[in-house]
Amino acid sequence: MPWAVEPNNAADRLRRIEAVTDTALAHLSVEQLFEELLNRVRDLLDADTATVLLLDSSGEQLVATASSGIEEEVRQNVRVRVGEGFAGRIAAELKPYLIESVGPETVVNRILWEKGIRTMLGVPLQAHGEALGVLHVGTLGDRVFGDEDVRLLQLVADRIALATRSRLSHRDRAAAAAVQRSLLPARLPTVSGIEFGSRYTPGENIDVSGDWYDVFTVPSGWLCTAIGDVVGRGLPAALVMSRIRTATRAYAMETEDPAEVLARLDRHVRHFEPDAMATIAFAMWEPSHERVHLSLAGHVAPVLASPDEETVLVPAEADAPVGVGSSTRTRRTTTVEVPNGATLFFYTDGLVERRERSLENGLATLCEAVHPGPADAVCAEVMGKLVGYGATNDDVAVLAARRQDADNLRTLSFEVDAVPEALAEIRAQLRRWLPGVGASEDDVTDVLVAVGEAAANVIEHAYGPGGGKVGVRLETHGAEVGVVVEDTGTWRSPRGTHRGRGTDLMRQLCDDVRVEHGPHGTNVHLRKRLSGDQPE
């Protein structure tokens, strides 16, 4: 026969409350807190199972997150739609609910009735007016829960809700920060002819946002720079930012028009991130670095600082951010001449927008701070003048790209893994460097083929299964370019009747070819007289 459990006196009631508000629980993680509180509430209410279900990110489903007594609920990732069954009704109405007959007609989760649960009591999880989920307990025998039991269970639910909101928010912030740190380049790539600098600083006492920047090359030899800001804060914005960054890289490999990249990205965001919006400045640099092609999706224009000229905002019109507006609207590309020694400075709006100053004043101060100097020094000066010692209300990301003077382009040195895939990186590096030292299209083709043959020989013959490195060094002497392709492996004679013709091809394309074998590896020396106009 059903029976009720009521505390006999005030002391018993106080003991029961203290059991679930113990300050010693404050140091526990969310998972540990759930486990401890569920075990305590089972003991206090003489229940056989206690379970926490939290709302998923859509707010449409409850997900079994922690359980004591019937752990299969969590292991099987039980889900209940809001409004359906016992737990779904509590989440929809945000009121306690008691049932004394558990079955398919009252409970969605079949595990409960298959385990023989007969009576259930559940209460909503809420914190600061926000619905978070449901806490329910159940018994295998006949049991009547009284008003005091409801109050006690709600007390536990409130404790769980506050801890969940606080600690999950902290965990989300930590996760968002980790995502953002992983996606902001820890070390900007080395690109011959371009020097980079960057800074990122979060706003004061606010969640991580979706600010980001990126620098990467594509197989064609073009260089891409991007900076953007996803609307929103916290982990959701950081995750959207990571997916937008990845999609931007993928689309950049398919076209040399930044407007087309952003148009494809816009379609991507509309389909896969329908609730997202982002501003982006996306630039694609020609292999010679003499010109950059720029498209703006709702983003502030970069600043161009050229030697002996006034520093100005690039005269590029901004189109709609990605994710909003008409999908049929044509996006525009602006071509910008970048002379030797010039700095192109990208930034997010948090740098120039302040409550205490107008946007126009912020942009004017920025133009005063940007100059055609070393990229990292420019970033430091900009941050000093526009951020200073005060707290910012928004995140700030900046990226400076400085085209080096001709005197700094006389040499190029880099190292890659001795694998076939590295040949594409070697070709891309040469395509970017050679035009800057006066190589014509024919010169570039000849050197690419000759160096490719030398590097391919290293990859195929120099190392065993352990692999190794291919070093490439180039320097110009007047109208000539000298190349050294080196390895630290062991030279082996070509295998097969029709092998070993790479050296003959190199001799046809270059003016001089020398191969030096030694105990520490092989060096292939190439010399090519350039037919193009030499830089002054």
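The model shown is predicted, which means the values in this text are computed figures rather than measured ones.
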Holding to side-chain hydrogen bond (donor to acceptor under 3.5 Å, both in side chains), I want the full list of residues that pass it with Thr225, two or more places apart in sequence or in another chain. Trp285

Any salt bridge (Lys or Arg N to Asp or Glu O under 4.0 Å) involving residues 444-453? Give me the pairs, sequence neighbours left out, ordered by first then second residue. Asp446-Lys528

Extract all donor-acceptor atom pairs below 3.5 Å that involve side chains of residues 309-317 and protein atoms in other chains or at least two apart in sequence.
{"from": "Thr311", "atom 1": "OG1", "to": "Val370", "atom 2": "O", "distance (Å)": "3.4"}

Arg403 and Ile194, any side-chain heavy atoms less than 4.5 Å apart: yes

Residues at least two apart in sequence or cross-chain that pass salt bridge (Lys or Arg N to Asp or Glu O under 4.0 Å) with Glu441, listed by chain then number, are none

Residue pairs, two or more places apart or on separate chains, that pass side-chain hydrogen bond (donor to acceptor under 3.5 Å, both in side chains) and touch residues 362-379: Arg199-Asp376, His371-Glu381

Check salt bridge (Lys or Arg N to Asp or Glu O under 4.0 Å) between Arg332 and all other residues, then give those that pass, not counting sequence neighbours. Asp319

Go through the structure and list residues passing salt bridge (Lys or Arg N to Asp or Glu O under 4.0 Å) with Arg507, not counting sequence neighbours. none

Partners of His477 by side-chain hydrogen bond (donor to acceptor under 3.5 Å, both in side chains), sequence neighbours excluded? Glu475

With sequence neighbours excluded, residues passing side-chain hydrogen bond (donor to acceptor under 3.5 Å, both in side chains) with Glu254: Arg264

Please identify each residue that fulfils salt bridge (Lys or Arg N to Asp or Glu O under 4.0 Å) with Glu130, with sequence neighbours left out. Arg165

Using ring pair (Phe, Tyr, Trp, His ring centres under 6.0 Å) as the criterion, list what pairs up with Phe414, not counting sequence neighbours. none

Sequence neighbours excluded - ring-ring contact (aromatic ring centres under 6.0 Å, His included) pairs with any residue from residues 290-309: Trp222-His293

